[in-house]
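Here's the structure we're looking at; comments come further down.
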Amino acid sequence: MTETPTSVLVVGATGGIGRRVVAAAERHGLDVRALVRDPHRAERTLPGTQLVRGDLEQPATLTAALQGVDAIVFTHGGNGNPDAARRIDYGGVANVLHALDGRTPRLALMTSIGVSRRGAYGGSTGQLLDWKRRSERLVRASGAPYTIIRPGWFDNVGPGDELLVLEQTDTGNGGIGRDQLAEVLVRSLLTETAVGRTFELFAERGPAPSDWSGLFAALAADPSGGLDAVGDPSSLPSVAEEPDVVQQDLGRLGH
Ligand SMILES: NC(=O)c1ccc[n+]([C@@H]2O[C@H](COP(=O)([O-])OP(=O)(O)OC[C@H]3O[C@@H](n4cnc5c(N)ncnc54)[C@H](OP(=O)(O)O)[C@@H]3O)[C@@H](O)[C@H]2O)c1
């Protein structure tokens, strides 16, 4: 059993998903801390929320922000170009995990559908997804209880699309509401059966979930001690085929 968290740090808290995660976590009674680069600007986006200054590219700024939190939700993202994907989407996860210095809070990581479909997306999108896939590997290697959510297209949903569809083949396509995604990220922290699960998330016409424990329990767990998700193709790169920085980060995490 993992402890149910009472406090959470939201990474990417000023973003389209992050600000909704802050609201959802507050609704669920969690003690919420928002990691922000510019507290003055963030005060307007997140009035009344506890703000802690930190830049994912400056590891020294993360230590204080992480003190005493027992859960972290990652919803940050760069501007989509491959260099930002390496420095922020991937590097932000690496820097936070290193700053934890062996502590293992509950983690919820948002990545994207398609991260394991190498070759399906070319160019900068393919590289962005590759860095997100590598960030997933770090989370699995961290030893912390985690849930990894690979959302479909944001807000590409219609009226009545309340049913949540959780898949594990990474072959699906579809949309998910931003509010729905935020709710699932927070519920994953609060639900024991979500631990060790990676899944794609879509919404379809139908009723909203009422049994969150059952929703997550229907999923298969990721292989224990592995770096990839349960349904991922076996053709993903070995550690030796990953960029040096990934090999080093995995090594620092004891993998
Ligand atoms: N669009 C889709 O349909 C879709 C589908 C699946 C996945 N995704 C993924 O979702 C992500 C976008 O989510 P979103 O719309 O919520 O993003 P967003 O609105 O662009 O927000 C990004 C957040 O990351 C923060 N951030 C960026 N660099 C940072 C740094 N160095 N240190 C600290 N925080 C930093 C930003 O903070 P500031 O306010 O300081 O800039 C902001 O809070 C992308 O990575 C995308 O690949 C998108």
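Order of appearance sets the numbers: ligands from 1, and atoms from 1 within every ligand.
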(Q) Under a plain distance cut-off of 3.5 Å, with no hydrogens placed, do Asp170 and Ser116 share a side-chain donor-acceptor pair? (A) yes

Strictly below 4.0 Å, N to O, side chains only: are [X] and [Y] in salt-bridge contact?
X: Asp244; Y: Arg86; result: no
X: Arg20; Y: Glu183; result: no
X: Arg205; Y: Glu162; result: no

Please determine if [X] has a nitrogen or oxygen closer than 3.5 Å to a nitrogen or oxygen of ligand 1.
X: Trp153; value: no
X: Thr111; value: no
X: Gly54; value: no
X: Gly12; value: yes
X: Gly78; value: no
X: Leu35; value: no

Any idea which protein heavy atom is nearest [atom], and the distance to it?
atom: atom 29 (C) of ligand 1; value: Arg37 CZ, 3.4 Å
atom: atom 39 (O) of ligand 1; value: Thr14 OG1, 2.5 Å
atom: atom 12 (C) of ligand 1; value: Phe154 CE1, 4.1 Å
atom: atom 17 (O) of ligand 1; value: Gly16 N, 4.3 Å

Atom indices of ligand 1 within 4.0 angstrom of [X] heavy atoms, with elements:
X: Asp89; result: 45 (O)
X: Asp55; result: 30 (C), 31 (N), 32 (N)
X: Met110; result: 10 (O), 11 (C), 13 (O)
X: Gly152; result: 5 (C), 6 (C)
X: Ile17; result: 16 (O)
X: Gly15; result: 16 (O), 18 (P), 19 (O), 21 (O), 42 (C), 43 (O)
X: Arg41; result: 38 (P), 39 (O), 40 (O)
X: Ser112; result: 6 (C), 7 (C)

Q: Indicate the ring-plane relationship of Phe74 and His76, choosing parallel, tilted or perpendicular according to the 30° and 60° boundaries.
A: perpendicular

Could you give the distance from [atom1] ([X]) to [atom2] ([Y]), rounded to the nearest 0.5 Å?
X: Asp70; Y: Arg103; atom1: CG; atom2: CZ; result: 10.5 Å
X: Leu107; Y: Leu189; atom1: CG; atom2: CG; result: 8.5 Å
X: Arg19; Y: Thr45; atom1: CZ; atom2: OG1; result: 5.5 Å

Q) Among Val10, Val96, Leu62, which residue meets the side-chain contact (heavy atoms from CB on, under 4.5 Å) test with Leu35? A) Leu62

Q. Out of Leu56, Val115, Leu62, who gets a non-hydrogen atom closest to atom 32 (N) of ligand 1?
A. Leu56

Q. Which residue from Lys132, Arg150, Gln58 reaches closest to atom 46 (C) of ligand 1 through any of its heavy atoms?
A. Lys132

Q. Can you check whether a protein heavy atom sits less than 4.0 angstrom from atom 20 (O) of ligand 1?
A. no

(Q) Side-chain heavy atoms nearer than 4.5 Å, only ILVMFWY residues, links allowed to pass through others: does that put Phe154 and Leu166 together? (A) yes

Q. Under a 4.5 Å side-chain heavy-atom rule over Ile, Leu, Val, Met, Phe, Trp and Tyr, are Val195 and Leu253 clustered together?
A. no

Q) Side chain, backbone, both or neither: which part of Ile88 has a heavy atom under 4.0 Å from ligand 1? A) side chain

Q.
Exactly one of Thr198, Thr104, Thr2, Asp222 should register a side chain to side chain donor-acceptor pair (under 3.5 Å) with Tyr146. Which one does?
A. Asp222

Q: Grab the two heavy atoms, one from Tyr90 and one from Asp249, that are nearest each other, plus how far apart they are.
A: OH-OD2, 2.7 Å

